[in-house]
Amino acid sequence: MSEIVFLVEEAPEGGFTARALGEAIFTQAESFEALREVVRDAVRCHFEAGAGPSLIRLHYVRDEVMAA
């Protein structure tokens, strides 16, 4: 596996969530910087040594609602 993609969203209660696409990995953190670290840790824990991806892509989705 060369790459794993995480869908990152702002959590309604604050902070951020990250869900891997195609793998059963989910994590959350209070800041985006902290999320980067917990995502790396979750990927290391999920895959056996040498079987994990070489790249982690964080796809940040942000909805913004504006009055017309």
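Sequential numbering from 1 along the given sequence is applied to the chain's residues.
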task: Take Leu35 and Ser31 through the test side-chain contact (heavy atoms from CB on, under 4.5 Å) and record every step on the way to the result.
output: CA-CA 6 Å; Leu35 187 71; Ser31 69; over 6 Å; no
- request: Enter the distance from Arg36:CZ to Phe6:CZ here, rounded to the nearest 0.5 Å.
  value: 14.0 Å
statement: The reported gap from CD in Gln28 to CD in Glu13 (rounded to nearest 0.5 angstrom) is 6.5 Å
Step-by-step side-chain contact (heavy atoms from CB on, under 4.5 Å) determination, Phe16 to Glu30: CA-CA 6 Å; Phe16 297 89; Glu30 291 298 317; over 6 Å; no
- prompt: Sub-3.5 Å donor-acceptor pair from the side chain of Ser54 to the main-chain atoms of Ser2, do we have one?
  reply: yes
- request: Report yes or no: do Phe26 and Val38 belong to one cluster of Ile/Leu/Val/Met/Phe/Trp/Tyr joined by side chain heavy-atom distances under 4.5 Å?
  value: no
- prompt: Any link between Val43 and Val5 through a network of hydrophobic side chains (Ile, Leu, Val, Met, Phe, Trp, Tyr) touching at under 4.5 Å?
  reply: no
- request: Hey, could you give me the CZ/CD distance between Phe32 and Glu37, rounded to the nearest 0.5 Å?
  value: 12.0 Å
query: Roughly how far apart are Asp63 CG and Glu10 CD, rounded to 0.5 Å?
result: 9.5 Å
message: Measuring from atom OH of Tyr60 to atom CD of Glu9, what distance do you get when rounded to the nearest 0.5 angstrom?
response: 9.5 Å
- request: Give the intermediate values and the outcome of side-chain contact (heavy atoms from CB on, under 4.5 Å) for residues Val39 and Thr27.
  value: CA-CA 7 Å; Val39 165; Thr27 191; 3.8 Å; yes
query: How far does CG of Leu21 sit from CD1 of Ile4, to the nearest 0.5 angstrom?
result: 8.0 Å
query: Are Ile25 and Leu7 joined in one hydrophobic group, where the rule is that I, L, V, M, F, W and Y side chains link up if heavy atoms are under 4.5 Å apart?
result: no
